[in-house]
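Start at 1 and go down the list; that is how both ligands and their atoms are numbered.
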Amino acid sequence: MRIPLIAGNWKMNLTRAECVDLAKAVADGVGNATNYEAAVFPPSLYVDAVAGVLKGSKVAWGTQNMVAEGPGAFTGEICAPMLLDLGCTYVILGHSERRTLYGETDEIVNKKTKAALAAGLKPIVCVGELLAERQSGKTDEIIRKQFSGSLAGLSEAEFGKVVIAYEPVWAIGTGLTATPQQAEEVHAGLRKLIAERYNDTLSQTTRILYGGSVKPSNAAELLSQPNVDGALVGGASLKAADFLGIAAGVK
Ligand code: PGA
């Protein structure tokens, strides 16, 4: 049984006060829901303020990135022990914006994933193809490569704590969404890769989120696909009503 996870990636948006207000509204709206889990990812600087609001609620929190190293002399960075100190449950790793804007390779994402797991955090590891890659029929190959590289060398127990997010890069922030069939196909493929490397049990228990222009109007159909176990939401997570509208799409 996979409990869907609805995750809001606030990216580099909002003020501290807006983060606090949004967190309050999300926690109120989620209430005691048991049919899904919710998590929010504010800008790192505001995680502490958001944690203060969410403590005792059903909403978990985390950061959008971290480094594998540290603590120590790594100017400007944040590391796993700091996330734990702030009560983070999750950390998003290998988001396509990190990969394309900051040069994160599968190898770097893999190091971060291992560091997060070693610290007791649950990594949400993102994979996804570019538009040109989809158009040239390379989606499977790219997903396989990112899966193998970003998630290399994890024990079964470690992998059991990983959440995967399939985010086609061409659908992020563009208003374009993968069709439910396109999403389902990649998710089913990922599940097969997990079964090949580990076993059926792990393949059936791993949560695979879809991300890329998820909104209240398309969430229910995406979330009803058998292998889609939640959503990683960017733009629409900045409004409590939209985020909760997406969560309402969970059956
Ligand atoms: P979007 O972003 O919902 O704004 O497309 C998704 C993401 O980047 O996780």
Side-chain angles (χ1 to χ4, degrees), residues 4-14 18-19 22-23 26 36-44 46-47 50 59-66 88-104 109 112-113 116 122-131 133-134 139 142-143 146-147 150 162-180 182-183 186-187 190 207-223 225 228-250:
L5 173 63
I6 307 298
N9 174 7
W10 297 355
K11 305 195 180 179
M12 197 173 71
N13 292 298
L14 308 177
E18 287 167 342
C19 284
L22 180 55
V26 167
Y36 69 94
E37 276 179 36
V40 295
F41 299 81
S44 306
Y46 303 142
V47 167
V50 164
V59 182
W61 61 91
T63 61
Q64 304 161 16
N65 183 34
M66 57 168 241
C88 294
T89 304
Y90 294 101
V91 56
I92 298 173
L93 295 175
H95 187 279
S96 76
E97 284 148 23
R98 300 294 321 168
R99 291 176 185 264
T100 54
L101 301 174
Y102 301 98
E104 284 193 16
V109 177
K112 292 183 176 192
T113 302
K122 294 181 185 171
I124 300 180
V125 179
C126 305
V127 297
E129 80 286 2
L130 303 169
L131 183 58
E133 291 165 345
R134 174 160 285 268
T139 300
I142 295 298
I143 299 298
Q146 291 179 342
F147 172 87
S150 299
V162 169
V163 176
I164 299 176
Y166 167 55
E167 300 205 301
V169 179
W170 49 272
I172 296 178
T174 58
L176 295 173
T177 316
T179 63
Q182 284 173 326
V186 174
H187 285 225
L190 278 163
R207 288 187 292 188
I208 307 176
L209 316 183
Y210 169 78
S213 299
V214 179
K215 41 193 183 234
S217 59
N218 61 23
E221 207 187 347
L222 285 160
L223 293 168
Q225 300 304 307
V228 175
D229 311 313
L232 181 52
V233 187
S237 70
L238 296 174
K239 287 201 180 117
D242 287 351
F243 184 74
L244 295 166
I246 290 166
V250 176

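- A salt bridge between E37 and R207 is present, with a side-chain N of the basic residue lying under 4.0 Å from a carboxylate O of the acidic one.
- For atom 3 (O) of ligand 1, the closest non-hydrogen atom on the protein side is G234 N, 2.8 Å.
- Taking a cut-off of under 4.0 Å to the non-hydrogen atoms of H95, the atoms of ligand 1 that pass are 7 (C), 8 (O), 9 (O).
- Other residues, nucleotides and ligands contribute over 12 non-hydrogen atoms within 6.0 Å of the NZ atom of K11.
- Considering both main-chain and side-chain atoms, G173 comes within under 3.5 Å of ligand 1 through a nitrogen or oxygen pair.
- Of all the heavy atoms of A171, the ones lying under 4.0 Å from any atom of ligand 1 belong exclusively to the backbone.
- The aromatic rings of Y166 and H187 sit perpendicular, their planes meeting at an angle over 60°, well past the 30° parallel limit.
- The closest donor-acceptor contact from the side chain of N218 to the backbone of S213 lies under 3.5 Å.
- Between S150 and T113, the closest side-chain pair of non-hydrogen atoms is not below 4.5 Å.
- For ligand 1, the polar-atom distance check against E167 finds a nitrogen or oxygen pair separated by under 3.5 Å.
- Near G212, with a cut-off below 4.0 Å to any heavy atom, the atoms of ligand 1 are 5 (O).
- Checking only distances, S213 does come within under 3.5 Å of ligand 1, N or O to N or O.
- The closest approach between a heavy atom of K215 and any atom of ligand 1 is not below 4.0 Å.
- A donor-acceptor pair under 3.5 Å is formed between the side chain of Q64 and the backbone N or O of P42.
- The closest donor-acceptor contact from the side chain of N9 to the backbone of G234 lies at 3.5 Å or more, if one exists at all.
- The shortest N or O to N or O distance between G235 and ligand 1 is below 3.5 Å.
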